[in-house]
Amino acid sequence: MRVNPYQPFERFSDQILLMVGVIITLLGSFLAFAFKARFDGILDVHFVKEIELHQPFLDNVLNILVTSVLLFFLGRKLNPKTRWIDILNAIMVSRIFMYFSTLLNFQNFIGNKTDKLMAEFPEIPMDSNLIWILVIGILMIVFLVLYLIYLFIGFKVAINGKKSIIILYFLLVILLSEIILKIIFQFIHF
Amino acid sequence: MAIKLPVKCPSCESPVQAIQLKCMECETAISGNFPLPDILQLSYEDQEFVLNFFLASGSLKEMASQMKVSYPTVRNHLDDLIEKIQKIKKNES
């Protein structure tokens, strides 16, 4: 049986992935606190001026739980043998790329660049500020794409998915999760 | 070195059948048309997998631990093999 050595969801047991996933979530939440990042959606990361220690932790718990439940229902529909733990592990491990993106705000780098740009608004000077913001924007997109790719890979392994239509179902559920979380975050303020 | 039983024709990939069985003690040979059992029509690696599954008392968790892979990987492989065997049975009937 051939297993891709670079594919963690095929290689490692659910206990190891769960442990790694929890560590990634805790470290990622702490990084988010350090670099003032909030995750108000499964696909979102926003940088804020003020942050409290518990906020990114609770953001991540909510994002991970809601998305794992929705993906689990989809998984069960496609393959009745799907386990929730495999879906949960896929989400927790793949979110490492979202946490990497918070490093871009080292020493409030993004905050400072954005403030300078907004100070000139509605003028948009073509200077190094704008170039940095474009570069950061591209890097954020790269991290988001990597996150979704790994999440999809983990989801496919969890459900033994082979048909290409699964990509569409997966993206629809991610979108639904984002909408539901946005509504929840509107009403819950912690 | 383990000798692998060929299950497909190397020229045209059609399933092969046994046409002679021989007793190694008294040299008696029996000719006929003996289709291979369904399980022998799987590849050598797949047969090994089924045997290991049997030796692990049907525990996918134990198999995953022995093979050092994840549980869904083993479960998915088993599901794929079940599909293969069902196809073989369907082709025969």
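Just so it is clear: chains get the letters A, B, ... in the order the sequence lines come, proteins before strands, and each one is counted from 1. Because the structure is a prediction, the values reported are computed rather than measured.
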(request) Could you pull out all residues at least two apart from Ala64(B) that satisfy side chain to side chain contact (heavy atoms under 4.5 Å, CB included)? (result) Val74(B)
(request) Count the heavy atoms of every other residue, nucleotide or ligand shown that sit under 6.0 Å from OH of Tyr169(A), and state whether that count exceeds 12. (result) no
(message) If you count heavy atoms of other groups shown closer than 6.0 angstrom to CD of Gln20(B), is the number above 12?
(response) yes
(request) Without swapping roles, check the side chain of Arg75(B) against the backbone of Ala158(A) for a donor-acceptor pair under 3.5 Å. (result) yes
(request) Could you please state which residues from residues 77-89 of chain A sit under 4.5 angstrom from chain B, measuring non-hydrogen atom to non-hydrogen atom, sorted by number, or 'none'? (result) Asn79(A), Lys81(A), Thr82(A), Arg83(A), Asp86(A)
(request) Indicate if Ile153(A) and Leu171(A) have the same hydrophobic cluster label, given that clusters are the connected sets of ILVMFWY residues with side-chain heavy-atom separations under 4.5 angstrom. (result) yes
(message) Do Leu144(A) and Leu175(A) land in one hydrophobic cluster if side-chain heavy atoms of ILVMFWY residues count as linked below 4.5 Å?
(response) no
(message) Assigning hydrophobic clusters by single linkage (Ile, Leu, Val, Met, Phe, Trp, Tyr; side-chain heavy-atom cutoff under 4.5 Å), is Ile96(A) placed with Ile149(A)?
(response) yes
(message) Between the side chains of Lys162(A) and Asp80(B), is the shortest nitrogen-to-carboxylate-oxygen separation below 4.0 Å, so that they form an ion pair?
(response) yes
(request) Return the set of residues passing ring-ring contact (aromatic ring centres under 6.0 Å, His included) with Phe9(A) (not counting sequence neighbours), or none when no residue passes. (result) none
(request) Find out if a path of hydrophobic residues (ILVMFWY) with successive side-chain heavy-atom gaps under 4.5 Å connects Val61(A) to Ile183(A). (result) no
(request) Inspect the surroundings of NZ in Lys87(B) and state if more than 12 heavy atoms from other residues, nucleotides or ligands are less than 6.0 Å away. (result) no
(message) As a test of understanding, state which of Thr73(B), Val69(B), Asn76(B) forms a side-chain contact (heavy atoms from CB on, under 4.5 Å) with Glu10(A).
(response) Thr73(B)
(message) Starting from Leu168(A), can I reach Ile179(A) by hopping between I/L/V/M/F/W/Y residues whose side chains sit under 4.5 Å apart?
(response) no
(request) Pull out the residues in residues 12-34 of chain A that come under 4.5 Å of chain B, heavy atom to heavy atom, sorted by number. (result) Phe12(A), Ser13(A), Gln15(A)
(message) Can you confirm whether Gln107(A) is buried at CD, in the sense that more than 12 heavy atoms of other residues, nucleotides or ligands lie under 6.0 Å from that atom?
(response) no
